[in-house]
Amino acid sequence: MNTFLGYANTLTIYNLTNFQLSHHPTFLQFSNFGIFQSFNTYLCPVENQKIDIRKLSLTELEEYFLANGEKKFRAKQVYDWLWNKSLKNFDDMSNISLSTREMLKENFIINHIQVDLMQHSSDGTIKNAVKLFDDKIVESVLIPTTKRITACVSSQVGCSLDCNFCATARLKRMRNLTPGEIYDQVVAIKEEAETYFQRPLTNIVFMGMGEPLLNYANVIEAIDKITSPEGLGMAPRRITLSTVGVTKMIRKMADDEVKFNLAVSLHSAINETRSRLMPINDSNPVEELGEALKYWYQKTKRKVTYEYVIWDGINDDEKHARALAKFCKIIPSKVNLIQYNPIDEGEFRQAKQEAVDMYVRILEQNGIIAKVRKSRGQDIDAACGQLANKNEVAQLINS
Ligand code: SAH
């Protein structure tokens, strides 16, 4: 029996190491004791060292239950409360015995997000300011249209990418969101869709704050939860991940054979212009992006959407439109021409209607589907690129 327990604990520790709990003080404490220490003792921390229970996979939770003399199926019940029912505290787990709930409370916490402020736009868009367990704030948006209700979620606190036209770029990247924090944003918007629109959430886009491919493991884990029957059971084809174009990670996603959609923020298919707009282009130039996207298409057979803003005097000429049309032929794709949402009085201004019409004409002549996207939620700073938690921006600008 002891050997079995020891073995189970070893497994658990290896799994925990996967999500970097090895840096957790209790892990060091455990290492000193050796692998035959019971999991319960290992997880006997002082108050502020409790582990977020949602960092455990179902298998890990089952191992924990077995190691503590509990039935395996109880772990499944707890897991269901945590994910499918999004419960925020152990006391509400009504089919779990009091003693088991006490044991869980002693060892774990549930780091749930809190919607701190909800703003309603005149067009129906809702923006949530979401408070995390460490008081950091991210934003997520509910976008209603006649056919869909879309959740636009954040993947990082702040962003490290410095796209010159984006409000989030003015915040430094503070940290990655955990899978639970990403998942919770979706749950909050799902509930708001049901409350305010009496409709289900239909789509999810990773177009909020941060670069999802620079928080890849957590984003993938969140998507796994969102799509699994134990989570929200949403179809992966209803999810779109938007990236600035991190080529190495596009290849990785292709290797992982992900089933969701990919959008790339292109904004220019000419290196000189794109580098000026998005410094990431210096290390991930247009040609490399094209190669990575070829690889993506070979592996996944999924078409890509290019997000593209046309700015006055920057990329509003025929040369840029033709370069975009050429780039679009690399793999099957479509283009969303996004309206620019001003973030300040700076150099960026939405192009004139003639320029937008010229782009649409050139793309159509080349057999490429292009849609002109109107902005939503501008009056509450909830549109693309406006997510920046205004108070923090004010702080940064004034400091
Ligand atoms: N980091 C990811 C997702 C976040 S931004 C990415 O870059 O794709 C989501 C989309 O909004 C991107 O296409 C981005 O280029 C665009 N965007 C950023 N700032 C904008 C602004 N001020 N107006 C319009 N679109 C903007």
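Counting starts at 1 for both ligands and their atoms, following the listed order. FYI, side chains are in, hydrogens and waters are out, and symmetry mates aren't considered; it's all heavy atoms of this structure. Numbers for residues simply follow the sequence, beginning at 1. If you're wondering where the values come from, they're calculated on a predicted model, not measured in any experiment.
Between Y340 and ligand 1, a contact under 3.5 Å exists for no N or O pair.
Under the rule for a salt bridge (Lys or Arg N to Asp or Glu O under 4.0 Å), the partners of D91 that lie at least two apart in sequence or sit in another chain are K105. With sequence neighbours left out, the ring pair (Phe, Tyr, Trp, His ring centres under 6.0 Å) criterion links W311 to F165, H267, Y340, F348.
Taking 4.0 Å as the cut-off, M278 does not count as a neighbour of ligand 1 on heavy-atom distance. The shortest heavy-atom distance from G210 to ligand 1 is under 4.0 Å. Using a 4.0 Å heavy-atom cutoff, Q339 is listed among the residues neighbouring ligand 1.
Taking CD of Q350 as the start and CD1 of I310 as the end, the distance is 7.0 Å to the nearest 0.5 Å.
The backbone of T243, and not its side chain, has at least one atom closer than 4.0 Å to an atom of ligand 1 (non-hydrogen atoms only; backbone = N, CA, C, O). Contacts with ligand 1 closer than 4.0 Å are made by no heavy atom of F348, backbone or side chain. Contact annotation for E307 and ligand 1: only side-chain heavy atoms (C-beta onward) come within less than 4.0 Å of the ligand.
At most 12 heavy atoms of other shown residues, nucleotides or ligands fall within 6.0 angstrom of atom CZ in R148. By the neighbour-count criterion of 12 heavy atoms within 6.0 Å, atom CD of E272 is sparsely surrounded, having that number or fewer from other residues, nucleotides or ligands. More than 12 heavy atoms of other shown residues, nucleotides or ligands fall within 6.0 angstrom of atom NZ in K225.
Within the cation-pi definition used here (under 6.0 Å to the ring centroid, within 45° of the axis), R302 does not qualify as a partner of W296.
Close approach of ligand 1 to V244 (heavy-atom distance below 4.0 Å) involves ligand atoms 6 (C), 7 (O), 8 (O). In summary, the atoms of ligand 1 found under 4.0 Å from a heavy atom of C166, numbered by their order in the structure, are 18 (C), 19 (N). Of all atoms in ligand 1, listed by their number and element, those nearer than 4.0 Å to a heavy atom of F165 are 15 (O), 17 (N), 18 (C), 19 (N), 20 (C), 21 (C), 22 (N). Each of the following atoms of ligand 1 lies closer than 4.0 Å to a heavy atom of H267: 13 (O), 14 (C), 15 (O).
With G208, A167, C159, A263 as candidates, the residue nearest to atom 4 (C) of ligand 1 on a non-hydrogen basis is G208.
Salt bridge annotation for K85-D92: absent, with no cationic side-chain nitrogen under 4.0 angstrom from a carboxylate oxygen.
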